[in-house]
Each structure stands twice: as C-alpha cells, then as structure tokens.
Amino acid sequence: MVCDRNCGLIAGAVIGAVLAVFGGILMPVGDLLIEKTIKKEVVLEEGTIAFKNWVKTGTEVYRQIWIFDVQNPEEVAVNSSKIKVKQRGPYTYRVRYLAKEIIKQDSETHTVSFNQHKGAIFEPSLSIGTENDTFTVLNLAVAAAPHLYPSRFIQLILNAFVKSSKSSMFQKRTVKELLWGYTDPFLNAVPYPISTTVGVFFPYNNTADGVYKVFTGKDNISKVAIIDTYKGKKTFSYWPSYCDMINGTDAASFPPFIEKTRVLQFFSSDICRSMYAVFGSEINLKGIPVYRFILPSMVFASPLQNPDNHCFCTEKTISKNCTLYGVLDIGKCKGGKPVYISLPHFLHASPEIAKTIEGLNPNEEEHSTYLDVEPITGFTLRAAKRLQINMLVKPAKNIEALKNLKQNYIVPILWINETGTIGNKKAEMFRHQVTEKINLLGLVEMISLSVGVVMFITFIISYCTCRSKKVKKQMSSYIYAPAIIGPFLLSTYKMKI
C-alpha cells in the first residue's frame with residue numbers, strides 16, 4: 001500500500017512536471033507559430049488577407065466637414081475687426097470607397113505600385129443640412145491674388161477685374177460650391193486663359209492620388225506597406241533637408257508586432273508632408289485590444305519647441321521668425337496659394353494666431369488626430385484624421401477689397417474629420433481569425449504551466465510528507481524496542497547469576 005501510494009505521488013509529480021515543461025515550451029513555440037502566420041498573411045501579395053483588404057478596404061470611411069460661417073464680413077472688410085465665426089456642420093461624405101488601381105507588382109524589388117482613385121458621395125442622413133446650404137466665407141480667389149502676384153502693377157490690373165466683378169473679401173457660397181468648385185466671377189473676368197474654377201478640394205472626383213510604390217514585405221516584413229516612392233520620387237521638393245522625405249506608410253497599416261515605444265510614421269499627400277504618432281493608451285475596440293497612437297502637439301510645434309521642425313519653417317514674417325506654432329504653411333505644394341494647415345480650432349497653436357478670430361473652442365477630445373492599431377498585425381482598425389484648412393489674408397493697398405485691413409489674418413475656412421472604423425462583421429472575423437486564436441493559445445499555455453507547476457509542487461510535498469512520516473514511525477519503533485527488550489534481558493541475566 002505504501003509503495004502504491006508513493007508511486008502514485010511520484011507519478012503525479014512527473015505528470016505535473018511534464019505539463020509545466022509543455023506549457024513553458026508552448027510559449028516560445030506558440031509565439032513562433034503566430035509570428036510565422038502573421039508574417040505570411042500581412043504581406044501585400046495576392047492571396048493574403050492583408051492584400052485583399054488593402055486593395056479595397058471593407059471599412060466605410062467618412063469625411064465630416066464643418067464650415068466656418070463669418071458673421072461680420074462688412075465690419076472686417078471696413079474696420080479690420082476680429083472675424084466672428086460660427087462652425088456649421090457636419091456635412092458628411094463617404095470617401096475612399098474605390099479600389100486601388102494596381103499598376104505593377106515587382107517581384108525583384110518586392111514592391112507594388114498603385115493609384116488611389118478619389119470619390120466623394122454626399123450622405124444626407126449623416127449631415128446637418130443639404131449641399132445647397134449657403135454660408136459667408138472668405139473669397140478664396142481675392143485673398144490669394146496678392147500672394148500669387150506681388151507686383152504692384154499686376155495688382156492694379158487685377159483690382160480692376162475685382163471691382164468689375166463686384167467681388168469682395170467675403171462671399172456667399174453653398175457647401176457644394178465651396179468644397180468641390182465654382183466659377184469665380186473675378187477670375188472669369190480676367191481676359192486671359194486661366195483656370196476660373198475655385199474650390200477647397202477642387203479637383204477631386206474622378207481624379208487619382210499617386211502613383212505610390214510601396215514595399216510588399218515579402219523579403220522583409222519590417223518594410224511592409226512602407227512607401228518607397230510617391231509620383232516616382234522619394235522626396236517632395238517642397239521642404240529643405242529631411243523634412244522633404246516621404247516616410248512611413250499611408251496609415252492604413254503598419255509593419256506588424258508593434259511595441260508601445262515605436263513611433264508610427266505616415267505620409268499624407270493632402271498636406272504634402274510626413275507625420276508621426278506616438279503611443280497614447282490601450283483600448284478595446286469591439287472586443288479587439290488595440291493601441292491608440294495620437295498625433296502629438298510637437299508635430300506642428302515651432303523650432304524653438306521642437307528643433308526637428310526647423311526645416312518646416314520656410315516663412316519668417318508671418319511665423320515671427322519661426323516662433324509661432326500650431327500652423328503649417330503648405331503654400332508651396334498648393335501652387336503658391338497662402339494655404340495653412342492646423343488642427344481644428346487652432347488646437348495646440350500659439351494664442352497670437354487665433355487672436356484675430358472669435359468663436360473658436362479647441363478641445364483635445366474633438367479635435368485631435370489618432371490611430372487605433374492592432375499591435376500583432378499592424379492593421380489600423382479605427383482612425384480619425386482631423387485637420388483645419390486656413391488661408392492667410394494680408395493687407396493689400398492696391399486691391400480695394402483688402403486695402404482697409406490693418407493686420408494679417410489666418411482665416412479658418414473649414415475643418416475635416418475623416419474617420420473609418422472596422423465594421424461589425426469584419427471585427428467578428430478578425431476576432432475569430434486572430435484575437436481568439438491568440439487568446440486561446442495563451443490560455444492553454446498558462447493553464448498547462450500553472451496546473452503543471454501546482455501538480456508538481458503538491459505531489460512532491462505530499463511525497464516528502466509521506467516519506468517523513470514513514471521515517472518517524474521507523475525511528476519510534478527503534479526507540480520503543482529497547483524499552484521492552486532491555487528489562488527482559490536484564491531479568492534473564494539476573495536469573496543466570
């Protein structure tokens with residue numbers, strides 16, 4: 001019985017040790033299996049999950065637009081007063097619904113080239129009004145004229161056309177006209193062959209962004225989706241030094257196995273520069289653990305705050321010798337037009353920039369840009385790109401509509417919130433194919449290791465306890481025996497005597 005019990009305890013300890021070893025081995029082996037599978041499926045080549053979703057995203061992307069409606073146009077134009085604005089919106093469009101046009105897949109360089117076709121469909125149910133809603137906004141053509149033509153002589157000529165077309169500093173435009181284009185009366189009056197259509201996003205529909213050439217990751221998974229060239233170039237030719245480089249991905253995905261310490265770099269053709277996001281927090285998105293990466297305030301900081309931004313400051317007067325922060329002059333990539341980009345409501349911008357505008361209310365929650373990235377695959381499952389489009393207006397003595405201005409204005413035109421979130425069906429599929437399998441493997445690893453360790457320790461302790469009791473019993477029998485035998489031997493000895 002004692003042997004059977006000891007043998008059982010030893011067998012239990014051995015089984016526990018085997019389970020513990022199995023759990024310990026399963027951890028690195030399981031991680032290797034996951035890594036191998038992920039590396040295979042995130043490569044941008046036909047037949048992978050990543051390629052299918054990359055060519056045409058199954059996620060609906062919406063561009064919400066808020067327009068700044070000017071409340072006191074005459075007061076500003078005559079007295080150079082503060083511009084009072086009220087934001088109107090959202091006016092929502094569905095965008096990025098067209099598939100990428102694959103131009104070339106190069107197996108030697110492990111790259112794929114494509115065009116991203118553009119299209120926007122108005123979504124009335126997600127909008128506050130119709131595209132025919134009318135607002136008072138800055139006259140884009142008049143405001144840009146003195147920047148495009150600084151010559152006094154040319155400005156005097158242009159002023160004649162401004163006056164004959166009865167154009168002023170501000171104008172009334174419908175949402176559709178402001179966004180997608182309208183025939184400007186001032187430009188239409190100019191008797192020269194110039195483009196007369198003006199619009200914040202004009203041209204957009206039936207156009208394409210590209211050509212992009214990105215790495216497939218076939219030979220090096222750490223390069224998957226990273227842009228090699230844009231329009232055949234590795235730089236823009238807009239900024240000096242390294243600021244001109246095209247870095248990162250298009251933000252739809254990143255190389256897999258993302259650590260919280262990683263800085264995610266991505267490129268935005270809308271603002272003609274690369275940006276970056278840093279880890280903010282861990283959140284749960286439809287049952288999927290994701291890392292939220294946020295666009296830090298240092299992206300649009302002045303060179304005084306962030307020396308790396310020195311090459312983004314290409315204008316010294318308006319920026320007060322590069323001391324102002326929170327706005328980016330992108331005029332060079334917009335044909336010389338005085339376009340400035342910022343976060344909505346001048347979030348994280350110098351107070352001096354917004355001092356000429358009344359009615360702005362910046363806040364982090366509504367106006368910050370973020371990316372929710374699944375760290376194992378590197379897929380962006382939710383994103384919110386929030387930017388504000390502004391135009392610089394300066395006093396121009398030779399143009400009547402601007403001659404009464406006594407200060408510079410960076411006038412907010414509108415701000416956009418371009419969002420996309422993985423759909424419920426896609427989220428369920430992702431959980432089934434990725435999240436649940438990883439969680440199950442981790443659970444098996446932990447149970448095997450934990451149960452094995454507990455079993456091993458329990459049975460070893462039990463075995464040692466039993467052995468200890470047996471030894472004590474034997475020792476007590478040795479002590480008890482002399483107590484009986486001793487007197488008996490003594491009495492025997494006496495009898496003999």
Side-chain angles (χ1 to χ4, degrees), residues 65-88 131-192 194-202 318 331 334-340 353-360 388-415:
I65 298 170
W66 282 265
I67 296 170
F68 290 104
D69 185 20
V70 178
Q71 305 297 296
N72 59 337
E74 292 297 327
E75 187 181 343
V76 175
V78 175
N79 302 321
S80 192
S81 304
K82 276 188 174 183
I83 301 176
K84 297 178 181 179
V85 298
K86 285 186 178 181
Q87 72 167 21
R88 310 292 191 184
E131 286 187 293
N132 294 320
D133 290 352
T134 302
F135 303 114
T136 301
V137 294
L138 184 69
N139 190 320
L140 305 180
V142 171
H147 297 271
L148 295 172
Y149 304 101
S151 165
R152 179 177 180 274
F153 175 72
I154 295 178
Q155 286 186 15
L156 289 172
I157 296 174
L158 292 177
N159 186 53
F161 299 126
V162 171
K163 293 172 66 176
S164 66
S165 64
K166 299 181 180 180
S167 297
S168 59
M169 180 177 175
F170 297 97
Q171 61 179 341
K172 287 188 177 293
R173 288 291 166 192
T174 66
V175 173
K176 188 174 183 179
E177 288 175 329
L178 178 64
L179 300 183
W180 313 115
Y182 59 91
T183 300
D184 185 84
F186 154 50
L187 298 178
N188 200 42
V190 177
Y192 300 104
I194 60 172
S195 174
T196 60
T197 304
V198 178
V200 174
F201 300 121
F202 176 83
I318 303 301
K334 299 299 178 183
K337 303 177 185 68
V339 180
Y340 282 70
I353 291 172
K355 73 177 184 180
T356 59
I357 312 296
E358 187 178 306
L360 301 178
Q388 181 170 295
I389 299 173
N390 315 278
M391 183 169 278
L392 172 66
V393 182
K394 297 194 297 185
K397 295 180 179 180
N398 301 310
I399 296 179
E400 189 168 334
L402 306 175
K403 70 177 183 179
N404 293 324
L405 299 183
K406 299 178 178 63
Q407 57 186 329
N408 297 323
Y409 295 86
I410 296 182
V411 184
I413 310 299
L414 56 85
W415 71 273

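Using a 4.5 Å cut-off on side-chain heavy atoms (C-beta onward), Thr174 and Asp133 make no contact. The shortest distance between side-chain heavy atoms of Asn398 and Asn159 does not fall below 4.5 Å.
Seen from the ring of Tyr182, Arg173 counts as a face-on cation partner, given the 6.0 Å and 45° thresholds.
Of the charged side-chain nitrogens involved, at least one lies within less than 4.0 Å of a carboxylate oxygen, so that Arg88 and Asp69 count as a salt-bridged pair.
When each of Asn390, Val76, Leu138 is tested with Val411 by the rule side chain to side chain contact (heavy atoms under 4.5 Å, CB included), just one qualifies, namely Leu138.
A donor and an acceptor atom, one from each side chain of Ser167 and Ser165, are located under 3.5 Å apart. Looking only at atom types and distance, the side chain of Asn72 has no donor-acceptor partner in the side chain of Glu74 under 3.5 Å away. Looking at Thr134 and Lys172, their side chains never bring a donor and an acceptor atom within 3.5 Å of each other.
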Table please: side-chain donor-acceptor pairs of residues 146-154 below 3.5 Å, with sequence neighbours left out.
from	atom 1	to	atom 2	distance (Å)
His147	NE2	Leu392	O	3.3
Ser151	OG	Phe153	N	3.4

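In Lys166, the NZ atom is not crowded: 12 or fewer heavy atoms of neighbouring residues, nucleotides or ligands sit closer than 6.0 Å.
With hydrogens and angles disregarded, a donor-acceptor distance shorter than 3.5 Å links the side chain of Asn139 to the backbone of Ser168. Remark: side-chain polar atoms of Ser164 are paired, donor with acceptor, to backbone N or O of Ala160 under 3.5 angstrom.
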